[in-house]
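Predicted, not measured: the structure shown is a model, and the values here were computed from it. Residue numbers begin at 1 in each chain, while the letters A, B, ... track the order of the sequences.
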Amino acid sequence: DDHVGIGIEKIGLAVPNLQADFFNQIKLGVENYAASLGIEVITVDAKGDTATQVSQVQDLITQGIDAFIYIPAGAAAAAVPTRLARQEGIPVINVDREPEGEPGDTVIYGENVMSSYEVCSSIIERAGGEGKMVIIHGQKGTTPEVQRFEGCKMAIDENPGVELVAQQWTQMWSPDEGFSIGQNMLQAHPDLKMIFGQADGIAMGAAKAVQAAGLDDQIVVGGYDGDVAALESLARCDTPFVVTATQSTQAMGVLAVNSAIAVSKGASVPARQIPNAVLTDCENAQQFVEKHP
Amino acid sequence: MSDTADSRFGIGALREAFSLTGATGPLIGLLLLCAFLSLATDSFLSIRNFLNILDQITVLGILAVGMTFVILIGGIDLSVGSVLALSMMVLGFLNVEAGLPMGLAISGALLASGLAGALSGVMITVFAVPAFIATLAMMSIARGLASMITNGSQIIGFPIWFNMGAIVRHGGFLTMTVAVMLAVFIAAWLFQRYRKEGRELYAIGGNPEVARLAGINVNRMTILVYTACAALSGLGGVLLAARLDAVQPTIGIAYELDAIAAVVIGGTSLSGGTGGIVGTLIGVLIIGVLRNGLNLLSVSPFLQAVIIGLVIVLAVAAETFKRARR
Amino acid sequence: MSDTADSRFGIGALREAFSLTGATGPLIGLLLLCAFLSLATDSFLSIRNFLNILDQITVLGILAVGMTFVILIGGIDLSVGSVLALSMMVLGFLNVEAGLPMGLAISGALLASGLAGALSGVMITVFAVPAFIATLAMMSIARGLASMITNGSQIIGFPIWFNMGAIVRHGGFLTMTVAVMLAVFIAAWLFQRYRKEGRELYAIGGNPEVARLAGINVNRMTILVYTACAALSGLGGVLLAARLDAVQPTIGIAYELDAIAAVVIGGTSLSGGTGGIVGTLIGVLIIGVLRNGLNLLSVSPFLQAVIIGLVIVLAVAAETFKRARR
Amino acid sequence: MTKPSSGPILTLRNICKSYGPIEVLHGVDLDVHAGEVVALLGENGAGKSTLSNIISGAVRPSSGKMTWQGAPYAPANPKEAITAGVGMIQQELLLLPQLSIAENMFVGRYPSRAGRVDRAEMRRRAREGMARLGLDLPPGRLVAGLSTASQQLIEIAKALTHDARLLILDEPTAALGGEETQLLFRQIERLKAEGVGIVYISHRLEEIKQIADRIVVLRDGERVRDFDTADMPVRTIVEAMVGRSMDQLFPPLSTPSDRIVLEVKGLKSRAGAFSGVDFEVRRGEIFGISGLVGAGRTELVRAIAGADPLAEGSVLLNGQDVTPRSPRDAMDRGIVLVPEDRKQQGIILDHSIAENIAYSNLDAVARGGWIAARKVRSFADDSILRFGVKGRGHQKANEMSGGNQQKVVIAKWLARNPSVVLLDEPTRGIDVGARSSIYEIIHALAEAGVAVIVVSSDLEEVLGVSNRILVMAAGRQAGILDHKEANDVSVMELATA
Ligand SMILES: Nc1ncnc2c1ncn2[C@@H]1O[C@H](COP(=O)(O)OP(=O)(O)OP(=O)(O)O)[C@@H](O)[C@H]1O
Ligand SMILES: Nc1ncnc2c1ncn2[C@@H]1O[C@H](COP(=O)(O)OP(=O)(O)OP(=O)(O)O)[C@@H](O)[C@H]1O
Ligand SMILES: [Mg+2]
Ligand SMILES: [Mg+2]
């Protein structure tokens with residue numbers, strides 16, 4: 001454990017919203033791995049607000065960080081934090097998204113399109129390849145919302161027997177929204193067979209609505225992200241929520257720290273690093289509960 | 001709310017008994033809304049959808065009951081959404097992580113939320129902090145505490161029967177959670193209308209100094225009202241936990257605005273002293289039906305925001321006009 | 001705000017000139033906070049960090065100025081965050097999508113936001129909708145409209161110089177955006193203290209009927225105040241667009257709560273009629289320094305929420321105590 | 001005038017009260033016996049209300065001792081005083097406008113049966129209480145919209161239903177006409193007979209003679225004189241109150257010129273409070289308006305001053321039609337109104353005297369829209385001097401006694417140098433000394449050529465100051481009497497016509 005060669009002592013981590021498990025997992029990944037290397041991590045949480053994030057990044061730089069892991073908040077990925085860090089010669093590692101026109105030294109993001117294609121293909125297959133389907137989206141206009149729809153749409157278009165009968169958007173990707181919207185959709189379409197919730201919270205809320213309507217046997221629900229609670233739920237194999245795409249969030253954290261070390265040493269890193277999401281269901285959920293990828 | 005002269009018979013009696021004064025406008029609005037949605041969609045007018053709406057307003061309804069009392073005494077509580085989240089996280093922690101039986105866990109959740117309300121009440125009365133600010137601070141504090149319990153992650157793993165309480169419709173009709181909400185409404189209505197303390201709330205809201213001179217312990221009542229409102233938020237949290245079968249600290253953001261809107265749409269005046277529970281029920285139904293209907297109509301979320309804003313303002317302005325015309 | 005007898009010289013004069021009455025408590029609090037942070041961190045006490053704080057409070061400061069006037073007349077505006085978002089989206093649409101020159105686009109953004117405020121004002125005066133409800137509705141409506149412009153997505157691609165206005169520190173010191181904020185504060189202070197209309201706001205907040213009988217056109221002033229507050233929110237939006245070099249419809253959620261907190265911490269009473277701009281500046285600085293300091297101290301985000309809540313309540317309670325002791 | 005044999009039910013010894021550094025009561029003693037009416041007299045700000053509030057538990061004394069029915073008595077709040085049997089009617093009207101009459105009368109002590117409020121009983125007892133004062137209103141009616149007098153009567157009825165052993169009445173008749181006053185006195189007599197002790201505060205000295213058994217005079221927070229009988233010449237009482245001898249209460253009548261300044265033609269209120277009002281007021285004339293409570297006098301002067309909308313008719317100033325559409329309109333023409341309800345319409349209690357005066361003179365203290373701080377100060381200092389306000393410019397209005405607040409309201413309007421002044425109940429709640437100085441002010445205005453209209457429920461006052469008197473009855477103009485033909489009888493005849 002010789003830390004002399006690492007070259008950085010302090011990493012600044014800007015997360016959009018710690019209340020989302022996805023970001024919380026990345027944070028844990030960064031913090032745990034950095035701790036094992038003896039690196040200090042300063043985390044700031046923008047609570048979903050871009051402007052707050054810009055202010056927080058100013059404060060991070062004031063504290064003399066040696067590397068900056070930047071997960072942009074809000075629909076607009078602000079370019080300003082990258083510019084501020086660049087002025088100080090601090091390496092910038094983007095995670096999840098990068099601001100247009102101002103890329104960091106590398107970007108690490110979970111693949112969205114293909115993984116959501118797989119989730120939707122999976123629920124279509126489980127439903128017997130045909131029937132009515134609805135999608136409960138995340139916050140309208142955000143990148144994951146757009147891309148996850150794109151991927152799922154591909155799966156739907158491949159199966160002419162599948163009919164997308166309704167779509168609705170949540171404001172906050174939350175389970176209570178998933179429940180209410182799911183319930184209303186079941187009301188409008190009692191013969192529904194498939195629900196895709198664009199995040200696990202939404203999907204689990206919708207699955208509860210399915211249970212409340214007593215339609216457990218008729219409907220399958222797919223989610224996205226691989227939140228810890230979602231994995232635990234999948235591992236129990238007893239709800240209509242049957243499949244999700246588990247993002248390798250902890251791995252992303254580790255990757256981010258390693259990239260920061262590499263960049264500060266002057267080593268080259270690929271411009272894009274895209275760990276795959278793993279299709280997860282009742283069978284492989286337990287292993288991820290024990291060790292999140 | 002008033003003892004109108006013509007109140008012994010007919011509509012006057014109805015209006016009096018149900019404290020409908022100030023809420024007849026919204027009631028008509030609600031009926032119009034239902035009529036419109038019945039025509040515009042196939043799925044609105046059915047027992048099942050009606051039961052769905054009841055399900056969906058459970059939490060809002062319970063928050064709005066507590067908020068009605070707070071607004072009746074001329075106060076406001078911005079912390080209900082955060083306190084609901086705090087209650088949920090305490091419940092999850094005690095039941096799932098600490099392994100306590102559900103009864104104890106629920107008591108713990110209600111205790112924690114009630115305490116938060118009592119603290120707001122003390123800040124408002126003893127330290128003379130305006131209610132808006134005291135509860136704004138409590139909103140931030142409760143949210144922070146709720147997040148700290150699990151460092152931001154959610155908790156699942158409640159006993160099966162807990163979730164069933166929100167799902168099984170007894171007699172094909174009432175879930176436990178909806179039954180709890182209805183019980184809360186009835187109890188609150190009886191309290192507000194027939195209990196001495198209920199009437200005292202109106203006096204405090206009308207003019208706290210007059211109430212004090214009339215021998216009412218205004219400070220004690222105020223603290224009790226904020227405690228009750230927070231404990232009801234906590235109860236709402238327990239029901240929401242049952243319904244989602246999971247708890248997380250981000251839940252309930254901006255719920256306070258829905259609750260306040262429901263109360264005011266229902267004819268309770270923000271300056272205190274007038275209004276009541278029955279109006280609030282109507283206000284809650286308007287919001288619930290509107291949300292449900294807009295989803296059934298597949299209206300885009302952005303347009304929904306615009307429509308909900310317009311309906312809120314129309315409902316309140318209509319009542320004002322009705323009053324001005326009289 | 002008062003013409004104290006001893007006011008010609010010394011502290012009295014200062015207090016009078018800067019309308020510090022009611023804000024000396026917060027001022028002491030601010031100084032204590034700064035002293036503590038200077039000792040507890042290496043990085044707080046530096047010109048650069050001070051300039052950073054100025055940068056960070058720009059938008060909050062401008063919103064709080066408008067909010068001060070609204071609260072002075074006894075109102076409240078919950079729509080400032082949404083109106084800010086609306087202004088940003090209009091700006092982005094006009095400049096980037098429609099290709100209009102920036103000058104025109106900024107005028108368009110200010111016009112749109114001012115219009116939203118005027119509508120709130122009309123609802124409040126002509127239709128007698130309580131300010132809380134009218135602006136709550138406007139909050140929903142403006143957010144919906146802002147989102148509809150691009151169907152929820154962001155707009156980027158402003159001219160380079162626009163972003164530079166928020167970044168380049170002229171003379172190593174002032175960015176354009178900070179300069180605009182300071183100009184707004186000075187203008188608002190002069191207005192509130194020395195203009196006839198400024199004094200009228202105090203009268204309206206003190207008692208609107210007394211003001212009306214004193215020949216003040218209360219309705220007109222009220223509509224103007226809400227229009228000004230919204231236009232200032234719009235200006236805040238323009239500055240924020242410059243700072244972020246991008247616009248998006250979800251920005252500014254819950255900004256109204258920060259702005260209200262800043263105003264009240266600064267000694268302006270929510271019941272109207274007392275307080276002022278200088279206090280608001282102190283309130284804004286307290287919030288800005290606190291946020292900055294907590295980040296510099298690397299306090300966990302969840303604990304930050306708890307601390308901010310506590311500080312808000314302490315700041316307001318301290319002032320109450322000081323007054324009670326006198 | 002029978003002296004009660006047993007000891008006093010209430011004793012006060014050496015009561016002091018300070019607000020911050022200022023002591024407003026300096027060691028006051030007071031005894032009240034069962035079945036007697038003690039009149040508490042004194043100038044505005046003498047400390048009468050403060051002392052009463054201490055007895056009724058609304059204010060806590062800084063030092064001193066009280067006993068109640070022989071035992072030590074130190075109520076921590078009004079509830080304890082009420083429970084002990086001490087009731088009080090506050091000087092300022094304290095009703096809840098959004099609640100019904102019945103609920104207002106029983107707030108805090110609702111009759112209840114089996115844990116629930118007994119509404120029928122409450123209504124019955126409310127009707128009973130009102131009937132004693134000749135008030136016949138449905139107990140379910142909201143208090144909002146009732147006239148000031150009715151509200152005052154409801155307050156009294158509320159206190160009467162308390163079954164208190166000691167009742168404090170702080171200026172109960174300030175808003176009442178003669179008839180209601182007599183009804184009240186009948187009730188006081190009844191309570192006396194039942195052995196209730198009564199503390200009675202009023203600035204109407206004629207009343208004192210009729211109702212009081214003893215008089216205690218306060219001056220500047222000290223008990224300065226006692227009279228063991230109320231049968232004293234008014235002059236003696238006034239001397240004790242103000243600390244000097246006073247001659248005439250009313251100044252001599254002014255002599256108006258022939259030039260008509262204000263003329264109103266066929267005025268009709270949009271709210272329906274009055275109709276068919278025609279009169280003119282000349283330069284230098286004092287024009288009184290009298291009538292029973294609720295006759296529409298307040299509405300009339302408010303309409304002339306642009307505060308309420310007119311349905312028909314016109315207001316002419318120097319022959320020119322100036323029918324105002326807003327208070328601003330009227331002010332700009334030189335017509336000003338000193339409103340009836342000081343707290344709601346006249347003054348901002350939270351703001352300083354200087355600011356209050358400035359609000360109705362903003363155009364005068366500003367140049368080009370910019371406020372000159374020195375002007376604000378000098379305006380305030382001038383007015384304080386001119387009207388003998390006890391206070392300084394920076395003091396908040398709510399730190400002053402009611403009478404001084406009233407002077408500020410008058411000052412703030414007269415500082416505009418108007419040509420027509422409408423005064424609605426200008427001396428309500430004002431002590432004799434101040435009252436005579438307000439009459440002096442009114443007289444001086446008339447002498448300076450201003451047309452003055454005085455609305456008052458105090459018949460003696462209208463008769464004493466007016467050149468002519470307009471009598472209103474139920475919203476109509478019943479007649480106009482010249483000074484020479486006007487007296488109690490002729491005015492009342494018209495008022496009840
Ligand atoms: N809350 C207060 N703070 C400071 N001073 C007060 C307060 N209340 C009353 N005072 C002062 O106490 C003195 C006595 O006031 P009080 O109201 O008892 O007079 P009063 O005899 O009832 O006069 P009035 O005849 O005008 O009603 C006055 O000088 C008044 O300014
Ligand atoms: N705000 C109001 N709403 C409804 N009715 C009112 C209102 N104010 C007054 N009235 C009614 O209008 C009539 C005239 O009232 P107004 O106050 O002008 O009478 P007044 O002669 O000045 O009597 P006083 O001032 O002694 O009460 C009364 O019947 C009164 O009840
Ligand atoms: Mg008094
Ligand atoms: Mg009157």
Visitor: At under 4.5 Å between heavy atoms, what parts of residues 286-293 of chain A are in contact with chain B? List them by residue number.
Guide: none
Visitor: Is A:Asn24 reaching over with its side chain to a backbone N or O of B:Asn151, donor-acceptor style, under 3.5 angstrom?
Guide: yes
Visitor: Is chain B contacted by the side chain of A:Ser233, its backbone, both, or neither, given a heavy-atom distance below 4.5 Å?
Guide: both
Visitor: With a 4.5 angstrom heavy-atom cut-off, which part of B:Ser46 approaches chain A: side chain, backbone, both or neither?
Guide: side chain
Visitor: With heavy-atom distances below 4.5 Å as the criterion, would you say the side chains of A:Gln187 and B:Asn295 are in contact?
Guide: no
Visitor: If you count every heavy atom of other residues, nucleotides or ligands that lies below 6.0 Å from B:Leu32 atom CG, does the total exceed 12?
Guide: yes
Visitor: Most heavy-atom pairs under 4.5 angstrom with chain A, which of B:Asp55, B:Thr175, B:Leu51, B:Ile53?
Guide: B:Asp55
Visitor: Please step through side chain to side chain contact (heavy atoms under 4.5 Å, CB included) for the pair B:Asn163 and A:Gln211, ending with a clear verdict.
Guide: CA-CA 10 Å; B:Asn163 180 231; A:Gln211 284 177 301; 4.1 Å; yes
Visitor: Measure the CG-CZ distance between A:Asn184 and B:Phe44 for me, rounded to the nearest 0.5 Å.
Guide: 10.5 Å
Visitor: Answer with side chain, backbone, both or neither: which region of A:Leu186 has an atom nearer than 4.5 Å to a non-hydrogen atom of chain B?
Guide: both
Visitor: With a 4.5 angstrom heavy-atom cut-off, could you sort out which part of B:Val299 is near chain A: side chain, backbone, both or neither?
Guide: backbone
Visitor: With a 4.5 Å cut-off on side-chain heavy atoms, are A:Met204 and B:Ile156 touching?
Guide: yes
Visitor: Heavy-atom cut-off 4.5 Å, strictly under: side chain, backbone, both or neither for A:Gln168 against chain B?
Guide: side chain
Visitor: Checking heavy atoms, do the side chain of A:Ala209, its backbone, both or neither come under 4.5 Å from chain B?
Guide: neither
Visitor: Surrounding CG of A:Asp157 (heavy atoms of other residues, nucleotides or ligands, distance under 6.0 Å), is the total greater than 12?
Guide: yes
Visitor: Less than 4.5 Å apart, side chain to side chain, heavy atoms only: is that true for B:Leu296 and A:Met185?
Guide: no
Visitor: Taking atom CD1 of B:Ile160 as the centre, report whether more than 12 heavy atoms of other residues, nucleotides or ligands fall under 6.0 Å from it.
Guide: no
Visitor: Quick one: does A:Ser180's side chain get under 4.5 Å of B:Arg243's, heavy atoms only?
Guide: yes
Visitor: Considering residues, nucleotides and ligands other than B:Met176, do more than 12 of their heavy atoms fall under 6.0 Å from its CE?
Guide: no
Visitor: Report the distance from atom OG1 of A:Thr239 to atom CG of B:Asp245, rounding to the nearest 0.5 Å.
Guide: 9.5 Å
Visitor: Heavy atoms, side chains only, cut-off 4.5 Å: are B:Gln304 and A:Gln171 in contact?
Guide: no
Visitor: Against chain A, label B:Asn49 side chain, backbone, both or neither, depending on which of its atoms sit under 4.5 Å from a heavy atom there.
Guide: both
Visitor: Determine whether A:Ser174 and B:Gln248 satisfy the following criterion, side chain to side chain donor-acceptor pair (under 3.5 Å), listing intermediate values before the conclusion.
Guide: CA-CA 10 Å; A:Ser174 71; B:Gln248 64 171 80; over 6 Å; no
Visitor: Rounded to the nearest 0.5 Å, what's the gap from OG1 on B:Thr250 to NZ on A:Lys47? Could you check?
Guide: 12.0 Å
